[in-house]
Amino acid sequence: MTEGTTSTAAEGSDTLTRLEQEGEIAADYLEGLLDIADLDGDIDMDVEADRAAVSIISESTRELQKLVGRDGEVLEALQELTRLAVHRETGDRSRLMLDIAGFRAKKRTELAELGATAADKVKSTGEPVKMDPMTPFERKVVHDAVAAAGLRSESEGEEPQRFVVVLPA
């Protein structure tokens, strides 16, 4: 192995270790939160797309819906609080993704389908399609789906009214 390859492998290992540490810190924080709220849930940790990913799952997803809130608003707030807890421990900004009761996974599937449908419409009409305002997570999923369909997209507007525009090739 050359020195450059060794360095790249070490950097990848360091990144994985850092992301696993973020997941551990987040899991500890969320377990404390579940205890305070007297909610049952298991914590699942993973690393996806260069991000720590933490999920709270339970036999009774209905009980966890309190932590998701209307349209995922509580989930978004908990994700930010969890990121702050990780930042406090590590000193580094976290891009951790939190899912509760499969809400974000289901939303990801729905948004990918929405992006693919918009891309199909642009392909058939040749006209750009402007979508409704979305959160950064939602826009990212749509951008990925549009790119997978062979088109390009851009985000326009200002938060919280930022939206995706799907453009012809």
Side-chain angles (χ1 to χ4, degrees), residues 15-16 18-119 121 129-149 153-166:
T15 299
L16 181 60
R18 182 181 52 79
L19 294 174
E20 288 171 344
Q21 179 189 16
E22 281 187 23
E24 292 287 338
I25 294 166
D28 290 344
Y29 176 78
L30 292 166
E31 283 175 4
L33 181 75
L34 290 173
D35 287 344
I36 291 168
D38 197 27
L39 295 171
D40 290 325
D42 294 321
I43 310 288
D44 183 39
M45 297 176 297
D46 201 0
V47 174
E48 299 172 2
D50 293 331
R51 288 181 178 210
V54 179
S55 300
I56 301 175
I57 52 178
S58 175
E59 297 284 326
S60 170
T61 57
R62 187 168 184 235
E63 190 174 279
L64 290 180
Q65 289 305 314
K66 299 171 190 173
L67 297 178
V68 174
R70 188 173 54 91
D71 295 327
E73 290 172 341
V74 176
L75 170 59
E76 289 291 332
L78 288 174
Q79 177 175 277
E80 286 307 309
L81 289 172
T82 305
R83 286 177 174 177
L84 287 171
V86 170
H87 177 73
R88 185 185 69 224
E89 292 291 321
T90 65
D92 295 325
R93 180 178 174 273
S94 174
R95 295 177 51 231
L96 175 129
M97 291 297 291
L98 175 63
D99 192 6
I100 300 174
F103 175 84
R104 203 177 291 272
K106 180 181 174 195
K107 188 80 168 173
R108 181 178 282 125
T109 301
E110 292 169 358
L111 290 165
E113 290 172 8
L114 184 68
T117 300
K121 184 175 180 181
V129 170
K130 291 184 180 181
M131 305 181 83
D132 291 333
M134 298 179 188
T135 67
F137 161 76
E138 293 169 335
R139 291 193 309 269
K140 168 78 168 104
V141 174
V142 171
H143 285 305
D144 290 348
V146 169
S153 57
E154 297 175 352
S155 291
E156 293 184 4
E158 298 294 323
E159 295 292 354
Q161 296 300 314
R162 200 154 167 80
F163 59 94
V164 174
V165 178
V166 181

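The structure presented is a predicted model; accordingly, all values stated were derived computationally and were not measured.
- Looking at every heavy atom in both residues, Ala145 comes nearest to Ala116 through CB-N, 4.1 Å.
- Nearest heavy-atom pair, Arg108 versus Met97, reported as atom, atom and distance to 0.1 Å: NH2-CE, 4.4 Å.
- In this structure, CG in Leu98 is found 11.0 Å from CZ in Phe137, a value given to the nearest 0.5 Å.
- Residues Met131 and Leu114 share a closest heavy-atom pair of CE-CG, 3.4 Å.
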Residues 19-32, side-chain donor-acceptor partners within the protein, below 3.5 Å, at least two apart:
residue	atom	partner	partner atom	Å
Glu22	OE1	Ser94	OG	2.9
Glu22	OE2	Arg18	NH1	3.1

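- Partners of Glu158 according to the side-chain hydrogen bond (donor to acceptor under 3.5 Å, both in side chains) rule, which considers only residues two or more places apart in sequence or in another chain, do not exist here.
- Between Arg104 and Glu76, at least one side-chain nitrogen of the basic residue sits less than 4.0 Å from a carboxylate oxygen of the acidic one, meeting the salt-bridge criterion.
- The shortest heavy-atom contact between Phe163 and Val165 is CE1-CG2, 3.4 Å.
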Which donor-acceptor pairs under 3.5 Å do the side chains of residues 41-62 make with protein atoms, sequence neighbours left out?
residue	atom	partner	partner atom	Å
Arg51	NH1	Arg95	O	3.4
Ser58	OG	Asp40	O	3.4
Ser58	OG	Ser60	N	3.1

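- The distance from atom OG1 of Thr82 to atom CG of Leu33, rounded to the nearest 0.5 Å, is 7.5 Å.
- From Leu84, atom CG reaches atom CZ of Arg93 across 10.5 Å, with rounding to the nearest 0.5 Å.
- Going from atom CG of Leu111 over to atom CZ of Arg139 covers 11.5 Å, rounded to the nearest 0.5 Å.
- Note that CG of Leu96 and CD of Glu80 are 10.0 Å apart. Values are rounded to the nearest 0.5 Å.
- In this structure, Gly69 and Val74 approach most closely via the heavy-atom pair CA-CG2, 3.7 Å.
- Here Met134 contributes atom CE and Ser155 contributes atom OG; the two are 9.0 Å apart, rounded to the nearest 0.5 Å.
- Of all heavy-atom pairs between Arg162 and Gly157, the closest is NH1-O, 2.7 Å.
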